[in-house]
Each structure stands twice: as C-alpha cells, then as structure tokens.
Number of protein chains: 2
Amino acid sequence: MIFQLSIVQASKMLQNLQQILDKGAAFAASKKIDMTVLLNARLAPDQFNLIRQVQIACDSAKLGAARLTNQVDSAPKHADDETTLEQLSQRVADTVAYLATFNPADFADAASQKVSQPRWEGKYLTGDEFLIQHVLPNIYFHITTAYAILRHNGVDVGKKDYLGAMPYKS
Amino acid sequence: MIFQLSIVQASKMLQNLQQILDKGAAFAASKKIDMTVLLNARLAPDQFNLIRQVQIACDSAKLGAARLTNQVDSAPKHADDETTLEQLSQRVADTVAYLATFNPADFADAASQKVSQPRWEGKYLTGDEFLIQHVLPNIYFHITTAYAILRHNGVDVGKKDYLGAMPYKS
C-alpha cells in the first residue's frame with residue numbers, strides 16, 4: 001500500500017493538478033488576463049503564491065518517495081526558479097517521471113525506514129509515520145491550496161478536477 | 001495501515017481542524033467580529049462555506065470508516081444543521097468519538113471490500129481504491145479548504161496547525 005499511496009496516487013494527484021493549472025490558463029486566455037497574474041496569486045499576503053504551492057506539492061511527492069527508499073541523494077534537484085506556466089508544467093512532468101522510476105519492491109523496507117530531514121535536528125520518524133502524517137497531508141495541502149487560489153480567482157474548477165477519474169467497476 | 005490512515009490519522013486531522021477553528025474564534029473575538037461571519041465565509045461565490053467544509057470533512061471520515069467496514073447503516077446520522085461554532089465543534093467531537101469505536105481488526109477485510117454509494121449507480125470501488133483515491137483526498141481537501149477560508153480572512157494559522165504534532169524520535 002505504501003507504493004500505491006506514495007507513487008501511484010501521488011502521480012495521479014500531480015496530473016490532476018496539471019489539469020487544474022491548464023484550466024487556469026484557459027480561463028486567463030478567455031479573459032485576456034496575463035497568466036503571470038494567476039501564477040503569482042495567493043489567498044493571504046503571507047501565504048505562498050500559486051507557483052510556490054505547485055513547487056512544494058512536487059517536492060513533497062519527490063522527497064517523500066526518495067526518503068522512504070533512502071535515495072534522497074540521487075533525487076533530481078530543482079532550483080525553484082519557475083516563473084511561467086510552461087516551466088511549472090515541466091516541473092510537474094519531471095516529478096511524475098521521477099515517481100515512475102520506482103517499483104513496489106523499492107518500498108519493501110519503507111515502513112520501518114528511519115526518515116529524517118535537516119530541519120529535524122537529528123530526530124526521525126518511521127517511514128509509515130512520515131508517509132501518513134507528513135507526506136500525504138503535505139501533498140494534499142498544496143494541491144488543494146493551488147486549486148483554491150484558482151477557484152478564488154474565478155477559474156471553473158470543481159471537486160472532480162481535484163479527485164480525478166475513479167476506477168469504478170460494475 | 002488502513003486503520004492508521006482511516007482512523008488514527010483522520011482523528012488527528014479532525015482534532016487539528018478543531019484547533020484551527022478555535023484560532024478562528026479567538027481571532028473573531030479579538031477583532032470583535034461575529035464568528036458567524038467566518039463560519040459563513042467562502043473562497044468563491046459558488047464554493048461551500050466554512051460550516052459546510054467542516055461538515056463534509058467529518059462525513060468523509062465517518063462514512064469512510066463506516067463503508068470500509070460495511071457498517072454504514074449503523075453509523076450516526078447528522079442533520080447538517082449546525083449554525084454555531086459550538087454546534088460545529090460538537091460535530092467534530094462526535095465524529096472523533098465515532099472513529100474511536102473502531103479497532104484494527106474491523107478493517108481485516110477492508111482492502112478488498114466492495115464499496116459503493118447511492119450516487120455511483122451500482123458501481124463500486126475496492127476498499128483500498130476507495131480509501132486511497134476518495135476518502136483521504138476528500139478529508140484533506142475539506143480540512144485544507146476550511147484552513148484556507150480562515151487564513152484568507154486574516155486568522156493566524158500555519159502549516160503546523162494543519163499537520164499537528166509529529167511523533168519525532170531521537
């Protein structure tokens with residue numbers, strides 16, 4: 001289930017985010033608004049703008065997978081210098097491509113892996129704690145906030161855009 | 001892991017949501033704003049207000065656990081008639097109390113459980129699909145949106161309020 005949560009579902013959510021960004025671009029074009037306005041929009045003066053929300057959503061997924069599999073040193077680096085939708089979409093695509101390099105077997109020891117980050121000053125979480133209490137809440141937080149920034153600015157996005165298609169069976 | 005995700009972590013997130021609502025109430029009191037104003041605030045004219053976001057966050061957790069364990073008929077009913085913070089806090093507390101009635105053993109067959117909802121017209125998801133692609137994204141969506149409504153209105157909430165305490169070990 002760790003692979004399903006951290007790779008398959010995270011990839012799906014990032015692709016849903018891309019579709020939400022594309023709806024933002026279509027809205028901007030139809031209203032003759034510079035997309036840069038939406039990319040720099042934020043819900044509160046001291047909250048991150050849309051660009052930063054997308055960057056952090058991507059890094060939550062990328063570093064989640066990398067840390068759970070103890071591969072953080074070989075994870076791709078990103079300079080967080082995107083300023084256009086094209087660059088931001090490339091960031092999302094790069095992250096999805098990175099996630100696609102993982103296999104379920106890579107996560108065999110993930111649940112009990114000791115995961116730390118520089119800012120935790122030597123303390124750690126187990127892999128399942130890290131995934132459940134840190135990675136997933138962060139991915140959903142930043143994708144939902146990106147969605148909310150666009151929705152607040154008039155883009156016609158709905159819950160289905162956020163959730164994506166469901167694998168219904170009959 | 002299903003119990004951890006759908007009960008333990010969902011309960012934690014609802015308690016974090018309660019603290020975020022309490023910060024909203026403290027902000028309203030300090031600014032001499034009627035809390036009803038914040039409870040009815042929304043980020044877009046056609047998006048649900050704060051009350052409804054909290055109600056749906058609660059129901060996503062309640063019905064997630066109930067459907068995964070095939071106990072939806074015995075789950076507590078809620079009329080969605082809350083209008084005050086006190087009533088909304090009771091709704092959150094009731095939901096956390098309901099989640100506390102579950103044990104890990106209740107989820108022994110959850111992953112392969114066939115889960116359906118009236119609006120799915122007879123189609124179903126497996127339990128793990130339902131949890132990963134529906135329940136968790138919905139819980140996080142509505143808690144993040146509740147947070148964003150308050151943040152947008154000036155309440156001093158941050159990511160730590162949303163994530164809650166981490167079980168760091170050294």
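Order of the sequence lines fixes the chain letters, A, B, ..., with proteins taken first and strands second; residue numbering starts at 1 for each chain.
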Return the option, out of A:P167, A:G122, A:S116, A:A111, with the maximum number of heavy-atom pairs under 4.5 Å with chain B. A:P167
Going by the angle between their ring planes, with limits at 30° and 60°, are B:Y162 and A:F141 parallel, tilted or perpendicular? tilted
What part of A:F130 gets within 4.5 angstrom of chain B, counting heavy atoms only: side chain, backbone, both, or neither? neither
Quick check on the hydrophobic clustering: are B:I2 and B:Y124 connected, directly or via other members, by side-chain heavy-atom contacts under 4.5 Å? no
Would you call B:H134 and B:V115 a side-chain contact if the rule is heavy atoms closer than 4.5 Å? no
Quick one: pull up CD in A:Q90 and CG in A:L88 and give me the separation to the nearest 0.5 Å. 10.5 Å
For A:S170 and B:K123, indicate whether the former's side chain and the latter's backbone hold a donor-acceptor pair under 3.5 Å. no
Only heavy atoms, only distances under 4.5 angstrom. Which residues in residues 37-76 of chain B are near chain A? B:L43, B:A44, B:D46, B:Q47
Identify the two heavy atoms, one from B:A10 and one from B:L99, that lie closest to each other, and give their separation to 0.1 Å. CB-CD1, 4.1 Å
Select one option (side chain, backbone, both, neither) describing which atoms of A:A165 are under 4.5 Å from chain B's heavy atoms. backbone
Of all heavy-atom pairs linking B:S6 and B:L131, the shortest is CB-CD1, 3.8 Å
Any chance the rings of A:F107 and A:F102 have centres within less than 6.0 Å? yes
Would you indicate whether the side-chain heavy atoms of B:T95 and B:Y98 approach each other to under 4.5 Å? no
Identify which part of B:E129 has an atom lying under 4.5 Å from any heavy atom of chain A, answering side chain, backbone, both or neither. side chain
Heavy-atom distance under 4.5 Å between the side chains of A:Q87 and A:D81, does that happen here? no
Between A:L125 and A:W120, the two heavy atoms sitting closest are CD1-CH2, 3.6 Å
Report, in residue-number order, which members of residues 11-36 of chain B are under 4.5 Å from chain A by heavy-atom distance. B:K12
Hey, which of A:L5, A:T145, A:I139 has the most heavy atom pairs under 4.5 Å with chain B? A:L5
Under 4.5 Å, counting heavy-atom pairs only, tell me which of B:N138, B:D128, B:L136 racks up the most with chain A. B:N138
Going by atom types alone, do B:Q9 and B:Y140 pair a side-chain donor with an acceptor below 3.5 Å? yes
